Amino acid sequence: MDYKTFEQWYALSGYVLLAIAALVLPMFWLNGPPKRMHWQVMSVGVAVVVALSLIMPFLVVIPDNDAVNIGEKVLVRSGRIAEIYKLLLFLFAFNNRAYLLPKLRHFFWFVYVISIYLAIEAVLLDVLVSGKYEFVKTVLPFLKQSGIENLNFMSPINYLIKFIFLSLLFRDLMAPPRWKRGFQIALWVLVIFELVQVVVFKSYLGYDSLSSTVKNVFIIGAAGVFLYRFYQTTSLRITLQRNPYFWIMLGLFLPALAEIFLEFIFQKLYETDTVGFYKLYLIRNASQMIGLILLFVGVWHSKNLKYLPASY
């Protein structure tokens with residue numbers, strides 16, 4: 001399909017997703033827990049919207065003569081759906097806060113702070129980048145004097161949020177004292193590293209591939225260690241598919257693994273095959289959405305946290 005058709009249908013699917021989450025799903029709980037038929041209707045509706053959000057960007061024909069323009073627009077659209085997923089994840093986590101806060105409080109606050117970050121980024125994108133507001137003209141000269149021309153200056157905040165809250169999450173979940181100390185030290189090392197990137201190397205002026213790589217390596221290593229210790233634990237009272245720890249760690253691990261693999265070929269592909277670059281970047285966005293879906297599953301099973309140890 002061409003981009004115009006994709007934009008119309010993709011925007012519609014986004015609004016449908018918001019409508020289902022905010023207006024339709026709550027009505028199933030109006031008279032108590034949903035019945036089996038209601039669960040089936042909800043499952044089908046959610047599955048259709050999720051499938052559309054994952055598949056539709058790959059159906060767009062990106063012409064060679066306008067690859068940069070169309071490719072970037074498609075990426076922005078797919079990224080917006082991923083952001084909607086993150087906001088809905090917070091609403092879902094908030095609804096299950098009674099289960100999450102006792103044992104996964106840093107995961108809960110991580111989802112919350114990421115949602116705040118996305119809200120601020122959306123406002124700045126609409127105000128600073130769109131050029132729709134007159135008062136922005138008095139601010140833009142100051143930003144340009146600092147070399148700031150887009151929202152890349154926000155990325156260090158995103159990295160700091162992940163370094164801090166995920167380090168605290170893994171620290172709390174690890175039982176051995178040496179692992180707890182290790183993640184506490186890792187927190188400070190990662191924060192100092194990011195501050196050096198900002199102050200010394202001015203990473204806010206462009207895409208910071210080093211911080212992205214460090215972030216992904218940290219998540220892969222930490223989640224991998226937890227999954228290994230989780231695998232060693234044999235005295236669990238619930239099955240694997242009902243274990244929220246498993247789904248949450250998988251939701252962090254898989255997108256980071258996909259992203260770090262793709263980062264090694266992004267730059268070369270951008271220089272040699274622009275259309276292929278954007279198609280590959282869509283895989284990265286799709287992996288992010290799949291990871292968020294796994295986090296949804298983990299939060300869904302958070303009521304089972306009472307049957308599990310607080311640390312491993």
Side-chain angles (χ1 to χ4, degrees), residues 43 46-47 49-51 53-55 78 81-93 95-96 99-100 103-112 114-115 158 161-163 165-175 179 183 186 212-263 282-312:
S43 300
V46 171
V49 173
V50 169
S53 65
L54 289 171
I55 296 172
S78 64
I81 295 295
E83 291 172 359
I84 292 175
Y85 278 18
K86 292 178 183 178
L87 294 174
L88 293 178
L89 177 62
F90 166 67
L91 295 177
F92 195 44
N95 191 53
N96 289 275
Y99 307 118
L100 292 172
K103 291 188 176 183
L104 287 172
R105 67 183 187 280
H106 287 117
F107 172 76
F108 174 86
W109 293 116
F110 166 69
V111 174
Y112 174 60
I114 283 292
S115 299
N158 187 27
I161 291 171
K162 291 177 179 177
F163 289 154
F165 285 95
L166 293 182
S167 293
L168 293 173
L169 170 66
F170 290 118
R171 183 201 65 183
D172 290 349
L173 292 179
M174 294 298 182
W179 285 107
F183 282 109
S212 178
T213 301
V214 170
K215 179 260 297 182
N216 289 322
V217 169
F218 168 68
I219 293 176
I220 291 170
V225 168
F226 179 84
L227 287 171
Y228 175 72
R229 294 194 61 82
F230 174 84
Y231 172 76
Q232 288 182 317
T233 304
T234 58
S235 58
L236 299 180
R237 298 164 55 189
I238 61 175
T239 58
L240 188 66
Q241 62 268 25
R242 296 175 57 204
N243 195 313
Y245 289 131
F246 172 74
W247 293 108
I248 289 174
M249 290 302 146
L250 210 57
L252 295 173
F253 181 85
L254 292 181
L257 186 64
E259 189 172 334
I260 198 171
F261 171 75
L262 296 173
E263 279 180 347
L282 286 174
I283 296 177
R284 181 258 186 194
N285 285 357
S287 72
Q288 296 290 321
M289 285 187 265
I290 292 172
L292 288 166
I293 293 169
L294 295 176
L295 295 181
F296 269 101
V297 177
V299 174
W300 175 258
H301 290 297
S302 60
K303 57 183 176 294
N304 296 323
L305 284 169
K306 60 185 177 181
Y307 303 115
L308 297 168
S311 56
Y312 286 81

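Since we're looking at a predicted model, the values are computed, not measured. Just so you know, these numbers use all the heavy atoms, side chains as well, and skip hydrogens, waters and symmetry mates.
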Excluding sequence neighbours, so at least two apart, what forms ring-ring contact (aromatic ring centres under 6.0 Å, His included) with Trp109? Tyr112
Results of side-chain hydrogen bond (donor to acceptor under 3.5 Å, both in side chains) for Arg284 - residues two or more places apart only: none
Kindly compute the distance separating OG1 (Thr239) from NE2 (His301), expressed to the nearest 0.5 Å. 8.0 Å
Considering residues at least two apart in sequence or located in another chain, which fulfil the salt bridge (Lys or Arg N to Asp or Glu O under 4.0 Å) criterion with Lys162? none
Suppose we screen for side chain to side chain contact (heavy atoms under 4.5 Å, CB included). Which residues come up paired with Phe92, at least two apart in sequence or across chains? Asn96, Phe296, Val299, Trp300
Sequence-distant partners of Ala258, side chain to side chain contact (heavy atoms under 4.5 Å, CB included), two or more places apart: Ser287
Note, Phe163 side chain near Val214 side chain (heavy atom, < 4.5 Å): yes
Please give me the minimum heavy-atom distance between Ser167 and Phe218, naming the atom from each residue. OG-CZ, 3.3 Å
For residues 213-230, the salt bridge (charged side-chain N to carboxylate O under 4.0 Å, His left out) pairs (sequence neighbours left out) are Lys215-Glu259
Going from CE on Met289 to CG on Leu282, what distance comes out if it is rounded to the nearest 0.5 angstrom? 8.0 Å
Between the side chain of Asn216 and the main-chain N/O of Ser212, is any donor-acceptor distance below 3.5 Å? yes
By ring-ring contact (aromatic ring centres under 6.0 Å, His included), Tyr307 pairs with (sequence neighbours left out) none
Residues which pass ring-ring contact (aromatic ring centres under 6.0 Å, His included) with Phe170, listed by chain and number, not counting sequence neighbours: Phe183
Could you pull out every donor-acceptor pair under 3.5 Å between side chains of residues 242-256 and any protein atom, sequence neighbours left out?
from	atom 1	to	atom 2	distance (Å)
Arg242	NH2	Asn304	OD1	3.4
Asn243	OD1	Tyr245	N	3.0
Tyr245	OH	Pro309	O	3.3
Trp247	NE1	Gln241	O	2.9

Side-chain heavy atoms of Leu295 within contact of Phe107, under 4.5 Å: yes
Inter- and intrachain pairs under salt bridge (charged side-chain N to carboxylate O under 4.0 Å, His left out), touching residues 286-302, at least two apart: none
Applying side-chain hydrogen bond (donor to acceptor under 3.5 Å, both in side chains) to His106 and not counting sequence neighbours gives Asp172
With sequence neighbours left out, write down each residue that passes side-chain hydrogen bond (donor to acceptor under 3.5 Å, both in side chains) with Ser78, or none if nothing qualifies. Asn285
Given side chains that start at C-beta, do those of Leu166 and Ile161 come closer than 4.5 Å, heavy atoms only? no
Do Leu89 and Tyr85 come within less than 4.5 Å of each other through their side chains, counting heavy atoms only? no
